[in-house]
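Encoded as structure tokens, the structure appears first; notes follow it.
Whatever order the structure lists ligands and atoms in, that order sets their numbers, starting from 1. Quick note: residue numbers are just sequence positions, from 1. The structure presented is a predicted model; accordingly, all values stated were derived computationally and were not measured.
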Amino acid sequence: MPQKTFSIIKPDAVASGKAGKILALLEENGFRIVAARMVRLSQRQAEGFYAVHRERPFFGSLVKFMTEGPVIVMALEREDAVKKLREVMGATNPANAAEGTIRKLYAESIERNAIHGSDAPETAEQELKYFFNTQELEQL
Ligand code: CMP
């Protein structure tokens, strides 16, 4: 059964012109782009999206980074999408990311790490709903 997950191409990767390469890599890895939109997140949207990290010391900096320029929010689909996306993205810190992963190739630092992907199926559902309506998530 195909599964959906949520992803963001972050401001660092959009600004450095890597969005196309990242999309190509996702497609090469079997992901179908179900929905996608370029958006400049408001402070409120970024704070709400990362609410689970509110108490972390890097929260303020993370919100500032995520609102500094446009991002591309995406609904992606494939078998085992949540787990596979995290494999293709690589470790949060690019210093620890495996060769060939998106973060190894394109991330600048643990914070400016090019891409976000949901960490579990339940999170994917919440995050997809945060940015897309039911119609957008339906099969085209
Ligand atoms: P993401 O997968 O989007 O989830 C939370 C984000 O917080 C993470 O990617 C990074 O952009 C950022 N982040 C995680 N850990 C740190 C850290 N130690 N210092 C700064 N930013 C971090």
Side-chain angles (χ1 to χ4, degrees):
M1 266 286 281
Q3 182 186 48
K4 286 191 184 69
T5 191
F6 175 76
S7 183
I8 304 178
I9 302 179
K10 296 188 179 183
D12 57 329
V14 173
S16 63
K18 301 302 182 197
K21 289 198 188 309
I22 292 172
L23 285 169
L25 222 150
L26 292 171
E27 289 189 324
E28 281 159 21
N29 279 277
F31 290 93
R32 189 170 77 83
I33 300 162
V34 175
R37 184 182 331 121
M38 183 168 273
V39 55
R40 175 89 183 255
L41 298 181
S42 66
Q43 171 148 343
R44 225 175 123 179
Q45 265 178 316
E47 285 173 353
F49 182 75
Y50 280 122
V52 320
H53 296 302
R54 213 170 21 226
E55 306 304 327
R56 305 276 192 109
F58 58 80
F59 182 70
S61 170
L62 174 62
V63 168
K64 188 158 181 271
F65 160 53
M66 290 300 291
T67 56
E68 77 179 25
V71 300
I72 299 176
V73 294
M74 301 178 285
L76 302 172
E77 186 175 73
R78 63 155 283 166
E79 293 288 325
D80 216 4
V82 172
K83 189 163 148 252
K84 293 292 178 198
L85 177 61
R86 291 184 70 84
E87 286 173 17
V88 173
M89 291 193 315
T92 303
N93 187 345
N96 304 326
E99 287 302 324
T101 59
I102 293 171
R103 284 168 170 165
K104 180 73 176 186
L105 288 165
Y106 304 123
E108 296 171 20
S109 67
I110 191 167
E111 177 172 272
R112 303 175 70 83
N113 63 356
I115 187 166
H116 167 83
S118 307
D119 63 3
E122 304 73 43
T123 325
E125 238 175 82
Q126 289 168 14
E127 293 182 346
L128 285 165
K129 277 195 208 139
Y130 196 80
F131 286 102
F132 296 107
N133 63 39
T134 318
Q135 198 185 352
E136 290 170 308
L137 296 174
E138 276 169 10
Q139 204 83 312
L140 296 177

Next on the checklist: Could you measure the distance from the CD atom of E99 to the CG atom of L105? Nearest 0.5 Å is fine.
Outcome noted: 8.0 Å

Among protein heavy atoms, which sits nearest to [atom], and what does the distance come to when rounded to 0.1 Å?
atom: atom 12 (C) of ligand 1; answer: L62 CD1, 3.8 Å
atom: atom 10 (C) of ligand 1; answer: I110 O, 3.3 Å
atom: atom 21 (N) of ligand 1; answer: E111 CB, 3.4 Å

Item to check | R78 NZ/CZ over F31 ring centroid, <6.0 Å and within 45° of normal | outcome: yes

Checklist entry - Aromatic rings H116 and Y50: how do their planes relate, parallel, tilted or perpendicular, breaks at 30° and 60°? => result perpendicular

Checklist entry - What are the atoms of ligand 1, with element, lying closer than 4.0 Å to any heavy atom of H116? => result 1 (P), 2 (O), 3 (O)

Checklist entry - With atoms numbered from 1 as shown, which atoms in ligand 1 lie under 4.0 angstrom from a non-hydrogen atom of K10? => result 1 (P), 3 (O), 8 (C), 9 (O), 10 (C), 11 (O)

Next on the checklist: With the threshold set at under 4.0 angstrom, would you say R112 reaches ligand 1 through any of its heavy atoms?
Outcome noted: no

Checklist entry - Is R103 in contact with ligand 1, taking contact as a heavy-atom separation below 4.0 Å? => result yes

Item to check | Donor-acceptor side-chain pairing of K10 and N113 below 3.5 angstrom | outcome: yes

Checklist entry - Can E47 and Q43 be counted as having a side-chain donor-acceptor contact under 3.5 angstrom? => result yes

Item to check | F6 and Y130 aromatic centres sub-6.0 Å | outcome: no

Next on the checklist: Between E136 and K129, does any NZ, NE, NH1 or NH2 come within less than 4.0 Å of an OD or OE carboxylate oxygen?
Outcome noted: no

Next on the checklist: Counting only heavy atoms closer than 4.0 Å, does ligand 1 sit against the backbone of H53, its side chain, both, or neither?
Outcome noted: side chain

Checklist entry - Heavy-atom distance to atom 15 (N) of ligand 1: which of F49, F58, Y50 wins? => result F58

